[in-house]
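Below you'll find the structure, written out as structure tokens, and then a few comments.
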Amino acid sequence: MSDPDWMEDADAVAKEIVRRLGNDIRVGLPLGLGKPVTLVNALTRLAAETPNLRVSIFTALTLERPAPSSNMQRRFLEPAMDRLFGRYPQVDYANMLRNGTLPPNVEVREFFFLAGRWLGVDEAQRNYVSVNYSHARDVLLAQRPNLILHLVARNGDRLSVSSNPDITADLMEMRRDGRLDALFAGEVNPELPFMEGPAAFPATEADILYDPAEPFELFSAVKQPVDDASHAIGLHVSRMVPDAGTLQIGIGTIGDAVAQALLLRERGEIRPIHAASPFPDDGFREDGPFEAGLYAVTEMLVDGLLQLFKAGIIRREVDGAAIHAGFFVESRDFYRQLRDMAPDQRARISMAPVSFTNTLLGDEHGKRTARTNARFVNSTMKVSLLGAAVSDTKADGQVVSGVGGQHDFVAQAHALSDGRSVITLSATRRGSGGVESNIVWTQSNETVPRHLRDIVVTEYGIADLWGKSDAEVISALLEIADSRFQDELLEQAKEAGKIPREHEVSPRRRANSPETVSTWLRPFRDGPLPDFPFGSDFDDIERRLLPALAMLKEAASSRRAMLRLAVQGWRSRAHYAEALDRMGLAKPDSLRLTFESAVLAGCLRNTETSS
């Protein structure tokens, strides 16, 4: 192997790639954080200027800053965009897809979307590829990729694909043994933590390395406040995680809540919270500290897992690593924590391909031995009353996100003798017509079919579905559904003949409401169950605004609700001057803005009173 060509001009790199590969470029582009955006944009620009150059991109999770969907969102986000999301560059092909200007000689196919970002964008929806994460590598290989583009970390004469060995580690291994003939071009970024394991390799394995004079800031995934429902779910899940077991959790408020609940277990602070629960006992009673510790094997390394690792809860090692993970996209503080970690500690987090993390294939005996008492915890959008999970697609076929690795981990749980798949979801959501149940009778699309049903958790408790009949599954899910929807769901099941006509929901399960959850958790919210268990990029004023803006979003569809909030807030505007000033509404100069200022003050008043 020879030394790579080091270059300082992205457009020159793009031209060199075409010089070496010709006019048919088939790119394997990592998902999420691993995209070398400067190089991708340079190649896209070159293709737009060169009609006979064809560029095909296979990727997933194209990261973009959020586009405010309302005036209030714009007022809240725009002043803080750089602080919250980093000065992360826009991806040119994403902008072109969105505004319909992507040239016909550039094709982009994705197997996982940033949640909700591509709804209604026809070309993106048409080119979505539905595939399990563990199979995405083979789908890519079928397209005969001749170029791997990647963001890399550098440590002397070594490189690391750091955040994204998920598929790339396998591709690099295939290059080494001659099974793949593809050029590797990397963009160096000093903010990217240097991660060991299969993610790391000698710099001589790269063909071209771009070392920019001004590297871009990494994308920062902003943490959202953990609400009552998420904390309740986390508390329930914590009762199913045995000491010396194996753990996988996903990103988002429920993942944060699960990690926080496990930290409370370790500190001996969780039993009073469990004891105060108003929901009937369901047989899961793990609540003690972790004497042997956990091992984590996960598709995504999330901040909650990192905090469990730093606290010593995740410490059971497999082949020298306490965590094996396939990729990460997190906050800037998360990246800093990894960079600042002592090298020997950071080496205990081994970044590995999803062919290792998401399946039992390969060293099956070793994996089965290591992954004892596995609890694979993943969120979904809806669950049917027969136990199927809907996680990626709306009823009309529009893809919200993707299958990702959810099916992989559900199947893995079933394949392990003591593994369990734990599907989590809030019992309700607010739709255009008001509050809707997330437990539904039927759904046209399924991500996890009902024959793989196992455990489902809402804020109202745990439904253990494994090995149960359809009638038993329906009964169990009704008991963790919101009580406002239990009668309608029960009647649908009876009409279908799937549950006896005389069946009734237990009276003990008839108080499933947000108020019941709030009453349970309120004494603990200022202490062990905070809004942001692991810190936040939002300042104090923004934290006050977040619940108020959520209330405003719920009220926006009702003129009566908006008028009521305006009346409540009219006399309180001076009290909330600092928050209104942050939103540019302290001195409104029109009737419309005066009304919006009063409504927001009303929301602030209501959320502070109820907290």
> Under the criterion ring pair (Phe, Tyr, Trp, His ring centres under 6.0 Å), which of Tyr210, Phe85, Tyr88 is the partner of Phe216?
Replying inline: Tyr88
> Is there a donor-acceptor contact under 3.5 Å linking the side chains of Ser401 and Asp392?
Replying inline: no
> Quick one: are Thr168 and His150 in side-chain contact, heavy atoms under 4.5 Å?
Replying inline: yes
>> Let me confirm one number: the CD1-CZ distance from Ile208 to Arg20, rounded to the nearest 0.5 Å.
In response: 4.0 Å
> Between Phe184 and Phe201, what is the ring plane arrangement, given parallel below 30°, perpendicular above 60°, and tilted in between?
Replying inline: perpendicular
>> So that I can tick it off, tell me whether Lys367 and Glu364 are bridged by a salt bridge, with the cut-off set at under 4.0 angstrom between side-chain N and carboxylate O.
In response: no
> Side chains of Leu141 and Phe58: does their closest heavy-atom pair fall under 4.5 Å?
Replying inline: no
> Who passes side-chain contact (heavy atoms from CB on, under 4.5 Å) against Arg429, sequence neighbours left out?
Replying inline: Met381, Lys382, Glu436, Asn438
> Is the shortest heavy-atom distance from the side chain of Val456 to the side chain of Val422 under 4.5 Å?
Replying inline: no
>> Quick one, Tyr133 with Phe112, criterion ring pair (Phe, Tyr, Trp, His ring centres under 6.0 Å). Give me CA distance, side-chain angles, the key distance, then yes/no.
In response: CA-CA 9 Å; Tyr133 201 174; Phe112 195 93; 8.0 Å; no
> Mind checking whether Gln260 and Phe532 have side chains closer than 4.5 Å, heavy atoms only?
Replying inline: no
> Considering residues, nucleotides and ligands other than Asp82, do more than 12 of their heavy atoms fall under 6.0 Å from its CG?
Replying inline: yes
>> Using modelled atom types and a 3.5 Å cut-off, is there a donor and acceptor pairing between side-chain atoms of Asp303 and backbone atoms of Phe334?
In response: no
